[in-house]
Amino acid sequence: MSKIHVSTTVNGDPVEFLCEPQQTLLDVLRDELQLTGSKEGCASGDCGACSIELDGRLVCSCLVLGAEAEGRDVETVESIAVGDTLHPVQAKILEHGALQCGYCTPGFVVAAKALLDRNPDPTETEVRYWLAGNLCRCTGYDKIVGAVLDAASEMRGETS
Amino acid sequence: MYKFNYVKADSVDAAAAAVSGSEDGKILAGGMTLLPTMKQRLAAPSDLVDLGGIDALKGIEVSGDSVTIGAMTTHATVAASADVAGAIPALTELASGIGDPQVRNRGTIGGSVANSDPSADYPAAVVALGATVVTNKREIAGDDFFLDIFETALEEDEIITAVRFPIPEKAAYIKFPNPASRYAVVGVFVCTGGGDVRVGVTGAGPCAFRATGIEDALKADFSAAAVDGVTVDGSEFNEDMHASAEFRTSLVSVGAKRAVAALS
């Protein structure tokens with residue numbers, strides 16, 4: 001079977017790649033494009049460690065085929081910091097110590113940024129509801145939720 | 001995943017032809033069930049025919065008496081639709097409770113209905129509201145659509161194009177979600193209109209069904225107390241690590257009573 005030629009946009013750059021039909025978008029990002037920020041956790045759409053935005057929608061890249069990315073706009077965790085300047089969500093996760101092993105963190109960063117892009121002033125319930133597709137087995141979530149609320153407050157220009 | 005051919009269809013006819021012409025082709029909608037199933041090697045289609053490029057299958061149309069949702073419309077789109085919320089708010093509530101944001105952004109109504117997962121949410125609404133499943137070949141009444149676990153009236157190369165829901169007077173969906181997956185351990189959809197009461201149940205049996213005993217009791221007396229008088233037959237109900245058949249039997253009654261309370 002011949003490989004599929006896919007033209008897409010990844011983190012603002014036009015990207016072309018060849019993939020096998022059975023390669024997921026996560027496989028392509030990590031193994032073909034060397035964007036290893038997105039992690040494979042469960043590989044079945046439960047844990048959210050592979051979260052990316054596809055045409056502005058938060059999705060699990062492990063349940064998207066690479067071939068499905070044709071003509072689509074892909075944003076990964078690598079696009080979120082600007083140079084050495086962390087996004088407030090990233091900075092607050094560090095400040096709050098909202099991680100231990102860190103494996104789930106890229107997915108949480110992508111998901112939390114997607115939330116704050118749409119809803120700059122979420123309630124704690126809204127944050128928890130939005131992050132329901134991201135699992136963390138270390139922190140117990142409280143620090144992550146606190147970091148996201150704190151980042152939201154900072155982004156609104158409030159002092160924390 | 002085992003190897004397969006990937007086919008991106010640009011029309012429903014092309015998709016149907018691609019499935020017919022393949023050894024064991026399957027339709028790819030949102031992929032929220034099919035792709036994990038293939039990764040677990042529980043499914044090994046020869047061809048995967050992707051409907052994602054067919055814009056005609058996406059969108060919502062609300063007319064005077066019905067809501068028509070294109071098969072490739074995602075749960076997130078339905079959940080966020082002011083038009084659906086205005087016509088059948090229970091349906092937006094149902095859509096917003098499916099899985100998590102990542103699932104709702106990819107999962108589609110056509111895929112959910114075609115899969116007939118015993119714990120999926122939409123099937124309860126399809127049978128309760130008396131929806132019509134529109135395919136590339138015909139229209140199938142909701143009551144005739146779900147046959148068994150993962151089994152529907154669809155033929156091999158038959159593709160759902162839309163689901164049309166009549167707008168009821170009132171409707172409510174009560175779900176007891178699995179706390180991890182948000183799949184329905186049991187979900188009960190109750191609607192009223194024109195003197196009729198219809199009750200759709202998901203999660204309890206092999207596939208979604210109407211609880212006709214509860215419907216009859218509610219037609220005579222639309223109250224939670226009336227549901228108490230009905231014995232739900234749970235002899236064929238699902239038993240798994242999440243809930244016993246006995247517990248699911250109880251949840252059907254409790255869900256129906258809560259829905260009635262929400263509508264009273």
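Please read these numbers as outputs of a predicted model, since none were measured by experiment. Below, read A as the first sequence line, B as the second, and so on, with proteins coming before strands; counting in each chain starts at 1. Quick note: numbers below take in every heavy atom, side chains included, and nothing from hydrogens, waters or symmetry partners.
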How would you list, in number order, the residues of residues 52-64 of chain A that have a heavy atom less than 4.5 Å from chain B?
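From residues 52-64 of chain A, the residues near chain B are Leu54(A), Arg57(A), Leu58(A), Val59(A), Cys60(A), Cys62(A), Leu63(A), Val64(A).
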
Interface residues of residues 9-17 of chain A facing chain B - heavy atom cut-off under 4.5 Å:
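None at all.
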
Check whether any side-chain heavy atom of Ser51(A) lies under 4.5 Å from a side-chain heavy atom of Gln102(B), and answer yes or no.
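In short, these two side chains touch, coming nearer than 4.5 Å.
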
Would you say Leu65(A) and Asp50(B) make side-chain contact, with heavy atoms under 4.5 Å?
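In short, these two side chains do not touch, never coming nearer than 4.5 Å.
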
Between Pro101(B) and Trp130(A), what is the shortest heavy-atom contact and its length?
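Closest approach of Pro101(B) to Trp130(A), heavy atoms only: CG-O, 3.1 Å.
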
How far apart are the closest heavy atoms of Gln22(A) and Tyr2(B), and which atoms are they?
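That would be CB-O, 4.2 Å.
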
Counting only non-hydrogen atoms closer than 4.5 Å, does [X] touch chain A with its backbone (N, CA, C, O), its side chain (CB onward), both, or neither?
| X | answer |
| --- | --- |
| Ser96(B) | both |
| Met32(B) | both |
| Leu34(B) | neither |

A quick test of your reading: do over 12 heavy atoms of other residues, nucleotides or ligands sit less than 6.0 Å from [atom1] of [X]?
| X | atom1 | result |
| --- | --- | --- |
| Phe247(B) | CZ | no |
| Glu61(B) | CD | no |
| Glu93(B) | CD | no |
| Glu156(B) | CD | no |

So which residue, Pro36(B), Gly31(B), Gly99(B), ends up with the most heavy-atom pairs under 4.5 Å with chain A?
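Ranked by contacts with chain A, first place is Pro36(B).
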
Between Met1(B), Arg182(B), Arg106(B), the one whose heavy-atom pairs under 4.5 Å with chain A are most numerous
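If we count pairs closer than 4.5 Å to chain A, Arg106(B) comes out on top.
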
Close approach to chain A in residues 71-86 of chain B, criterion heavy atom under 4.5 Å
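Hits under 4.5 Å: Ala76(B), Thr77(B).
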
For chain A, find its close neighbours in residues 200-207 of chain B: heavy-atom separation under 4.5 Å, sorted by number, or none.
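Listed by number, there are no contacting residues, so the answer is none.
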
Would you mind telling me which of Gly45(A), Ala67(A), Ser44(A) has the largest number of heavy-atom pairs within less than 4.5 Å of chain B?
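Looking at each of Gly45(A), Ala67(A), Ser44(A) in turn, Ala67(A) comes out on top.
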
How many angstroms lie between atom NZ of Lys8(B) and atom CD of Glu68(A), to the nearest 0.5 angstrom?
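Between atom NZ of Lys8(B) and atom CD of Glu68(A) there are 7.5 Å.
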
Euclidean distance, Thr24(A) OG1 relative to Leu35(B) CG, rounded to 0.5 Å:
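Taking CG in Leu35(B) and OG1 in Thr24(A), the distance rounds to 9.0 Å.
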
